[in-house]
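The next block holds one structure in the form of structure tokens; read it before the comments.
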There are 2 protein chains.
Amino acid sequence: MAAGQSESHGRPEKRRAITRAARKVFGREGYTRASVDAIAAEAGVSKRTIYNHFADKERLFLDVALEGANEVTAAIAQIMDRHLHKIVDLEQDLIDFSLDRVAAVTAFPDHFALVRAIEAEAARIPGPVLKAWVDAGPQTAHLRLAPHLRRIADRGLLEIDDAERAAAHLTLLTITDVNQQSFYGAVPLPPSEISKIVAAGVQTFLRAYRS
Amino acid sequence: MAAGQSESHGRPEKRRAITRAARKVFGREGYTRASVDAIAAEAGVSKRTIYNHFADKERLFLDVALEGANEVTAAIAQIMDRHLHKIVDLEQDLIDFSLDRVAAVTAFPDHFALVRAIEAEAARIPGPVLKAWVDAGPQTAHLRLAPHLRRIADRGLLEIDDAERAAAHLTLLTITDVNQQSFYGAVPLPPSEISKIVAAGVQTFLRAYRS
DNA sequence: ACTAAAGTACACCGACTAGTGCAAAGAGTG
DNA sequence: CACTCTTTGCACTAGTCGGTGTACTTTAGT
């Protein structure tokens with residue numbers, strides 16, 4: 001499953017410094033505006049070293065994107081387990097889960113700024129590569145939420161025929177709504193507004209899927 | 001209501017050629033990659049003429065963005081009237097409406113490619129300007145859908161307490177879902193898949209809001 | 001046909017970019 | 001120590017970009 005781990009020919013410590021810096025600069029500037037020199041400066045590394053570790057700017061971007069996707073997907077999986085493993089008050093648990101999931105966006109600002117960059121350049125990213133990223137990131141998060149909902153439904157708390165669809169709808173009604181209005185955190189929303197959106201989203205979800 | 005109509009000092013015919021070309025090139029390349037020379041070539045116009053009509057690249061982009069937002073908002077308002085004025089079969093009417101709304105995305109590919117560019121550069125767009133765009137585009141579309149739903153609810157076909165929220169939820173469950181998966185049309189979805197998503201979205205919406 | 005505004009072609013500037021080549025310094029391993 | 005791999009700094013290529021200045025031609029109104 002090693003994502004974009006291309007045969008690295010340099011010191012791994014430097015490689016990590018480069019990817020961290022690249023994530024920051026790519027997130028802040030977008031792919032095109034981000035200059036390799038700026039990434040090198042941010043990483044405290046020679047530009048030549050970057051080209052020692054990565055074939056070109058494009059490969060660097062993709063490796064960083066996949067790395068971040070895996071990282072964030074793992075974090076979200078943890079949030080799912082924390083909130084959805086045992087249900088006491090379904091509505092409140094779904095709200096708490098969604099709020100934590102929204103908070104993950106602000107907890108990984110560099111990554112989600114990069115997500116914006118990817119969505120913007122989607123038309124210029126080779127199809128297979130884009131698919132690899134979707135599979136590692138959003139798609140996996142999706143597929144992991146579905147079994148949780150399925151389990152809750154099996155306990156009689158929800159009425160779900162297609163668990164993946166239900167997962168998609170819950171995500172849309174909460175996280176996607178918040179992200180869309182806040183431009184993935186670029187325009188911050190007051191927490192009270194976030195709470196309202198999430199609560200309303202969960203309410204609608206439950207009205208549609210509660211048994 | 002004249003959006004970004006800055007005092008134009010040139011022939012309006014040329015101005016329109018420039019904005020049309022700019023919309024195309026900005027949509028295809030994104031803000032940064034799009035070169036003023038490329039826009040001039042696409043418009044069949046001298047680069048100097050562009051700088052006669054627009055102060056700089058940034059103003060050009062914003063004017064184009066606002067112009068397109070108004071145009072598309074008007075088109076969507078028409079779609080709403082066509083499908084939601086008189087309801088015969090609520091579920092089918094909502095599905096048809098949503099499918100037409102999705103089709104608008106592919107009917108204005110340049111504009112929605114530009115929407116992607118805006119969302120990507122949201123962090124670098126001055127707050128007030130971004131707000132002006134949101135108000136002219138997505139926000140207006142939203143506010144126009146709400147009264148339709150309110151009216152349908154008043155006829156006893158829906159049970160809605162907050163019409164704007166309901167409009168947001170219907171939009172999320174249909175258009176947003178499709179757009180997210182297709183990256184606003186950059187990765188085309190088969191029509192059958194679009195139909196499935198929309199039908200499922202409307203179904204969930206009705207389960208939550210049908211009286 | 002005269003005039004004034006607008007458009008055009010084109011050279012040009014300064015700044016920036018991705019990527020390379022190379023010689024010298026640094027670091028880890030035997 | 002010596003050997004090797006990596007990193008570094010820096011100059012360099014070859015190109016692009018936003019934007020301007022200028023001298024010229026076109027267009028529209030009267």
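All chains are named by letter (A, B, ...) in the order of the sequence lines, taking the proteins before the strands, and each is independently numbered beginning at 1.
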[N] phosphate, OP1 or OP2: any side-chain N/O from [X] under 4.0 angstrom?
X     : N     : value
A/H53 : D/dT6 : no
B/T49 : C/dT8 : yes
B/N52 : C/dG7 : yes
B/K14 : C/dT8 : yes

Can you tell me how far CZ of A/F108 sits from CD1 of A/I76, rounded to the nearest 0.5 angstrom?
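Answer rounded to 0.5 Å: 8.0 Å.
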At what distance, to the nearest 0.5 angstrom, does CG of A/N179 lie from CZ of A/F112?
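It is 7.0 Å, given to the nearest 0.5 Å.
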Whole angstrom is fine here: how far is it from [atom1] in [X] over to [atom2] in [N]?
X     : N      : atom1 : atom2 : answer
A/K57 : D/dG15 : NZ    : C1'   : 14 Å
A/R16 : D/dT6  : CZ    : C1'   : 16 Å
B/D37 : C/dC12 : CG    : C1'   : 13 Å
A/I50 : C/dT17 : CD1   : C1'   : 14 Å
A/R33 : D/dG18 : CZ    : C1'   : 12 Å
A/D56 : C/dT17 : CG    : P     : 17 Å

Report the residues that fulfil side chain to side chain contact (heavy atoms under 4.5 Å, CB included) with B/R82, sequence neighbours left out, ordered by chain and then residue number.
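Per chain and number, B/R82 pairs via side chain to side chain contact (heavy atoms under 4.5 Å, CB included) with B/I79, B/D100.
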Tell me which nucleotide among [options] gets nearest to the side chain of [X].
X     : options               : answer
B/Y51 : D/dG19, C/dA9, C/dA18 : D/dG19
B/R11 : D/dG18, D/dT27, C/dT8 : D/dT27
B/V36 : D/dT6, D/dG18, C/dA18 : D/dG18

For a quick check of understanding: with a heavy-atom distance under 4.0 Å over all strands, which category does A/A34 fall into, base, sugar-phosphate or nothing?
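Sugar-phosphate, no base atom in range.
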Can you name the nearest heavy-atom pair linking B/R16 to B/T19, along with the distance?
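Looks like O-OG1, 2.9 Å.
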Going by modelled atom types, is there a donor-acceptor pair between the base of D/dG21 and the side chain of B/R48 at under 3.5 Å?
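Counting by modelled atom types and ignoring angles, a donor-acceptor contact under 3.5 Å is found here.
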Any donor-acceptor pair, under 3.5 Å, between the side chain of A/K47 and the base of C/dG19, if you only look at N and O atoms?
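Flag set: donor-acceptor pair detected.
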Could you tell me whether B/K57 sits above the aromatic face of B/F26, with NZ or CZ closer than 6.0 angstrom to the six-membered ring centre and within 45 degrees of the axis?
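No, B/K57 does not sit over the ring of B/F26.
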